[in-house]
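One structure is given below, encoded as structure tokens.
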Amino acid sequence: MTQSFAPGDDLIFQLESGFGLLRVIAIDEREGKPVWHLMAYEELFPDIESAESALADPASLHIRRSHMALTDRAFERTPAARLGNRPLTNDELAAYNSWKERGGTVSDRSALLMLGLR
């Protein structure tokens with residue numbers, strides 16, 4: 001991966017219909033390889049500036065998917081850029097913690113495919 005990301009990072013990705021937001025919830029390891037834990041927001045934005053403005057009031061955003069666990073390969077196929085970093089809340093970590101307790105599975109599909117987006 002050419003760019004490094006950390007928990008709490010807000011990421012932006014581009015679709016034909018606009019820009020979407022992801023959030024890095026955690027990064028852990030399984031069998032010596034990174035597993036990326038992401039949250040996805042519902043909103044799409046016409047430009048990067050609109051997405052950045054929305055992140056100034058994150059409580060106004062709607063969660064599309066509270067947790068996705070991706071292999072490193074799947075995350076690399078999710079083209080995203082870092083917009084900033086904010087502290088994670090307990091609510092944001094709840095789905096990840098539940099996944100850990102259940103011994104959840106990890107997907108090799110990109111975040112966009114998991115969201116039904118192309």
Can you tell me how far CE of Met68 sits from CE of Met39, rounded to the nearest 0.5 angstrom? 9.5 Å
Evaluate the side-chain proximity of Asp28 to Tyr96: yes if any heavy-atom separation is below 4.5 Å, no if none is. yes
Grouping I, L, V, M, F, W and Y whenever their side-chain heavy atoms are under 4.5 Å apart, do Leu44 and Leu38 come out in a common cluster? yes
Got a donor-acceptor contact below 3.5 angstrom from the Ser66 side chain to the Ala95 backbone? no
Do the side chains of Gln14 and Phe19 get nearer than 4.5 Å, heavy atoms only? yes
Does Asp72 come within less than 4.0 Å of Lys33, counting only side-chain N to carboxylate O? no
Given the rule that I, L, V, M, F, W and Y join up when any side-chain heavy atoms are under 4.5 Å apart, are Leu115 and Val24 in one cluster? yes
Is the shortest side-chain heavy-atom distance between Val106 and Glu31 below 4.5 Å? no
A quick test of your reading: do over 12 heavy atoms of other residues, nucleotides or ligands sit less than 6.0 Å from CG of Asn90? no
Parallel, tilted or perpendicular: which describes the rings of Trp99 and His67, with under 30° parallel and over 60° perpendicular? tilted
Nearest heavy-atom contact between Phe5 and Ala80 is CZ-O, 3.8 Å
ILVMFWY network linking Phe75 to Leu88, side-chain heavy atoms under 4.5 angstrom: no
Work out which heavy atom in Leu70 is nearest to a heavy atom in Ala111; give both atom names and the distance. CD2-N, 3.5 Å
In chain order, what residues pass the salt bridge (Lys or Arg N to Asp or Glu O under 4.0 Å) check against Arg30, with sequence neighbours excluded? none
With rounding to the nearest 0.5 angstrom, report the CD to CD1 distance, Glu43 to Ile63. 10.0 Å
Main-chain N/O of Ile25 paired to Glu92 side chain as donor or acceptor, under 3.5 Å: no
Would a distance-only check, ignoring hydrogens and angles, find a side-chain to backbone donor-acceptor pair under 3.5 Å from Ser53 to Glu49? yes
Closest non-hydrogen contact found for Arg86 with Tyr41 is NH2-OH, 3.3 Å
Calculate, to the nearest 0.5 Å, the distance between atoms CG and CD1 belonging to Leu21 and Ile12 respectively. 5.5 Å
Can you hop from Leu55 to Ile48 via hydrophobic side chains spaced under 4.5 Å? yes
Give a yes or no answer on whether the side chain of Arg23 reaches the backbone of Leu11 with a donor-acceptor pair at less than 3.5 Å. no
Note: Ala74 and Ser107 closest approach over all heavy atoms is CB-O, 3.8 Å
Ignoring hydrogens and geometry, is there a side-chain-to-backbone donor-acceptor pair from Arg77 to Asp108 under 3.5 Å? yes
Mind checking whether Leu22 and Phe13 have side chains closer than 4.5 Å, heavy atoms only? yes
Say whether, by atom type as modelled, one donor and one acceptor occur between the side chain of Arg65 and the main chain of Met114 under 3.5 angstrom. yes
Same cluster (ILVMFWY, side-chain, under 4.5 Å), Leu61 and Leu83: yes
Return the minimal non-hydrogen interatomic distance between Ser50 and Pro46, and the atom names on each side. OG-CG, 3.8 Å
Donor-acceptor pair, Arg82 side chain versus Ala6 backbone, under 3.5 Å? no
